[in-house]
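Written below as structure tokens is the structure these notes are about.
Just so it is clear, the model here is predicted, and its values are computed rather than measured. Chain naming here is simple, since letters A, B, ... match the order of the sequence lines and numbering starts at 1 in each.
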There are 4 protein chains.
Amino acid sequence: MLASVEARPSFKRLPRAVREQQMLDAAVRVFSRRGFHEASMDEIAVEAGISKPMVYAYLGSKDDLFRACVNREGTRLLESIVAAVGDDLPADEQLWRGLRGFFGFVGAHREGWAVLYRQAKSRQPFADDLASLRARIVEVVAGMLRKAVTQEGKTDAKDQDLTASAYALVGAAESIADWLADHPEADPDHSAARLMNFTWLGARQLLQGELWQPSSA
Amino acid sequence: MLASVEARPSFKRLPRAVREQQMLDAAVRVFSRRGFHEASMDEIAVEAGISKPMVYAYLGSKDDLFRACVNREGTRLLESIVAAVGDDLPADEQLWRGLRGFFGFVGAHREGWAVLYRQAKSRQPFADDLASLRARIVEVVAGMLRKAVTQEGKTDAKDQDLTASAYALVGAAESIADWLADHPEADPDHSAARLMNFTWLGARQLLQGELWQPSSA
Amino acid sequence: MLASVEARPSFKRLPRAVREQQMLDAAVRVFSRRGFHEASMDEIAVEAGISKPMVYAYLGSKDDLFRACVNREGTRLLESIVAAVGDDLPADEQLWRGLRGFFGFVGAHREGWAVLYRQAKSRQPFADDLASLRARIVEVVAGMLRKAVTQEGKTDAKDQDLTASAYALVGAAESIADWLADHPEADPDHSAARLMNFTWLGARQLLQGELWQPSSA
Amino acid sequence: MLASVEARPSFKRLPRAVREQQMLDAAVRVFSRRGFHEASMDEIAVEAGISKPMVYAYLGSKDDLFRACVNREGTRLLESIVAAVGDDLPADEQLWRGLRGFFGFVGAHREGWAVLYRQAKSRQPFADDLASLRARIVEVVAGMLRKAVTQEGKTDAKDQDLTASAYALVGAAESIADWLADHPEADPDHSAARLMNFTWLGARQLLQGELWQPSSA
DNA sequence: AATGAATGAGGCTTCATTCAT
DNA sequence: AATGAATGAAGCCTCATTCAT
């Protein structure tokens, strides 16, 4: 039966789509393990159980391949978050679920995502792909914050402030995710809870108009 | 007079100490511009206006050179923060000054520090140097938080919680610094103020025992 | 026919085994001509009519390559001697044939072996390979001497003396081979005869118990 | 007193002749330790306790320096042998003393000579210096053999045979010296005695017209 | 007399990428 | 559809040698 054929790691004559996924799986592993530059096309081909020319035939150059990895993983992450957030829940609940979704995904793809993410940030051609992913996530978060503000009755919050807050939150989350990726024993939910607390309370105060003021200059 | 001879921008036969700084300056620029692996020793030598063998003679291998960059910049950053914090001020004032010092430094060394920092995080041999720098910063921050707690009259805050909070704060700051390094038009002080607000209020609530609780499992 | 296509000296897309031998041939020539350190991988690649990366792909580093040369030539030499010696002949006849085999081989591979041999002696990692080859040759020679002693009726020759004599003989042969390799006009058989005479008579006397004694301290 | 000044390792303002000897001492050590190519002028300068430009000023290029080493050591060796041989002694006694002189010198300069000798043999420009040294030694040995023949009453020995025998003897001696240089625990006199026995008896037979003849073609 | 500063040249090695089968 | 064979280009590093003081 086909099912069993797909289940065992058959390396011959697979349809293109399947082969491509195998290659991407292998590429993600190798890029994560070594970093972009240290990863060699040779190693990726071996890891995929396929010859190098096939990799070039299917996925193109090393840059193309890496971008494909970033995009596939990025899409999965975004979907993971969106699915977790849900539609009709209170803002804090949504934020909480979103954070859990995010950290859960990173926790489950430690070796995959976080390292891959780190790579992409520093290499120019990929930074753009990443930036657009990030922008979409920020948008989602900003939406939640706007909803929260509305719930609290505040209506004059400036959009720019909301976006800035969302940006800070996402940045903090990424920073913690980075750390999470390096600490296999850490619990993603715990990270989510900590950030939730740390952020939510602060954000609420902030959105309620309370501000810390420097006493000097 | 000799003085004038020394004064004109002579590029030949400089004493070792001077050349080393020139090289480090050049290396920081190139590493920032290209990233560790994409940076070539050739380009660094050209940027420093000197031949490659001199770089090897004075600073050693590419790894050695990079580590020297990380250490020099890291030391400067730390000193920058410590100097800003001051000794006998209220905790919030100290935190505020520390953040301003931090973001001010990053803002002034945009191309230098943040990118260099990004590089070091991912390359194993340097990650250690970076981790120790970070640990020292976290310690400074935790000290401020402890002081804050004492001022607020709370005495039962667990040290572990303080460290965790400090860690999160530093992570958030780094994340924002990353963003700052990529946005030349952004104002460091503004970043400092935002994080100060965002964090201080939240931290205060947190330290006062208030916790956000998920309404569902 | 395909056969004719394969027969013409095509220099492209040869199977690995063939290319490896071509490379080894070239490497032996270049190492012989220049010595280990003065030989460049570039020159070897050119001599082999192939690009450098292929050399690395098939034979590894310069050290690996050199060791492969030493081993291939060493094996050939040993086989050459063993084949010449034969099994059931009087000891002197065997020694004679062995020497002819040895010098014949060296004479036929002048540029190859002897210089290569000189190189290997001085470079640490290869000296071991060489020492083991030499040990096997010494063993063969010692076996012949033992047989000779038995034929002469002497039964009390100490094994250690036999080995020492074999060592000296091999050393002398190597020394003459060295000279032979530098003198293209010299006749290998003549060298064999000279050493045979020089040694055999001396060895016989020695093994019969006759000793030269210094008349003074 | 000058004596004491010269005795302690003073590194300043020494007369040129002394400096040159210091440099040669250092160079011999380093060349022996590393081999010609692996020896760096830097290491030699450091070993000599002097700056590199001084080495170039006094002894010229690396090749010049190496040749100076070979010549100094070669001259010393030759003088050592000639002095040992003496003038009016029986031929066998002279040979014995010559061998003792040779192996004694090598034994006392293990690290110096033998390795240096090995180096010189393989590097073209120096091989000539070495060949001329060798020719002089061979001549000395041939002289002894001629004397021996005369003493034995044989007058028809061909000069070419004498030279050939002398060559073989010298070659064997060098071979053993090589081995000696690598075995610090070996006794030079023992080597001399072994070669003396092995050779003298054989040579005597040979010179008396006795020849080993192959029984087959 | 002596040296710290400086460099041109060259060697080993690796890799992304393509060709011919 | 698939791959073994092949290479141009580039990078790190070292060293003999010289210059300017």
Output yes when at least one side-chain N/O atom of [X] is less than 4.0 Å from OP1 or OP2 of [N], else no.
{"X": "A:Arg19", "N": "F:dA1", "value": "no"}
{"X": "D:Tyr56", "N": "F:dT17", "value": "yes"}
{"X": "A:Tyr58", "N": "F:dA1", "value": "no"}

*asked:* Considering every strand and a 4.0 Å limit on heavy-atom distances, what is the contact class for B:Met41: base, sugar-phosphate, or nothing?
replied: sugar-phosphate
*Looking for any heavy atom pair under 4.0 Å, which part of the strands does A:Ala39 touch: base, sugar-phosphate only, or nothing?*
sugar-phosphate
*Look at D:Arg72 together with D:Glu20 and state whether they make a salt bridge at an N to O cut-off of under 4.0 Å.*
no
*Which sits closer to the 5' end of DNA chain F, B:Pro53 or C:Pro15, going by the nucleotide each is nearest to?*
C:Pro15
*Tell me, what's DNA chain F's dot-bracket, Watson-Crick or G-U with both distances under 3.5 Å, | for other-strand, [ ] crossing?*
.||||||||||||||||||||
*asked:* Could you walk me through whether D:Phe126 and D:Asp63 satisfy the side-chain contact (heavy atoms from CB on, under 4.5 Å) test, starting with their C-alpha distance in whole Å, then the side-chain angles of each, then the deciding distance to 0.1 Å, before giving a yes or no?
replied: CA-CA 8 Å; D:Phe126 320 123; D:Asp63 273 30; 3.7 Å; yes
_Parallel, tilted or perpendicular, judged at 30° and 60°: which one describes the rings of D:Phe31 and D:Phe36?_
parallel
_Residue among C:Gln22, C:Arg33, C:Met23 satisfying side chain to side chain contact (heavy atoms under 4.5 Å, CB included) with C:Glu47_ = C:Arg33
*Sequence neighbours excluded, which residues qualify as salt bridge (Lys or Arg N to Asp or Glu O under 4.0 Å) partners of B:Glu73?*
B:Arg76
[atom1] of [X] versus [atom2] of [N]: gap in Å, rounded?
{"X": "D:Lys62", "N": "E:dG10", "atom1": "NZ", "atom2": "C1'", "result": "14 Å"}
{"X": "B:Leu59", "N": "F:dC13", "atom1": "CG", "atom2": "C1'", "result": "15 Å"}
{"X": "B:Met54", "N": "E:dA9", "atom1": "CE", "atom2": "P", "result": "18 Å"}
{"X": "B:Arg34", "N": "F:dA10", "atom1": "CZ", "atom2": "P", "result": "13 Å"}
{"X": "A:Asp64", "N": "E:dA16", "atom1": "CG", "atom2": "P", "result": "14 Å"}
{"X": "C:Asp42", "N": "E:dC12", "atom1": "CG", "atom2": "P", "result": "7 Å"}
{"X": "D:Glu43", "N": "F:dA16", "atom1": "CD", "atom2": "P", "result": "10 Å"}
{"X": "B:His37", "N": "E:dT14", "atom1": "NE2", "atom2": "P", "result": "12 Å"}

*asked:* Both A:Ser40 and B:Arg16 contact DNA chain E. Which one's nearest nucleotide lies toward the 5' end?
replied: B:Arg16
_Under 3.5 Å: donor-acceptor pair, side chain of B:Lys62, backbone of B:Ala39_ = yes
*Just compare E:dT17, F:dT3, F:dT14 and give me whichever is closest to any side-chain atom of A:Ile50.*
F:dT3
*Starting from the C-alpha separation in whole Å, work towards a yes-or-no answer on side-chain hydrogen bond (donor to acceptor under 3.5 Å, both in side chains) for A:Gln119 and A:His37.*
CA-CA 9 Å; A:Gln119 307 298 327; A:His37 214 105; over 6 Å; no
*asked:* Quiz question: going by heavy-atom distance under 3.5 Å, is there a donor-acceptor pair between the base of E:dT17 and the side chain of A:Lys52?
replied: yes
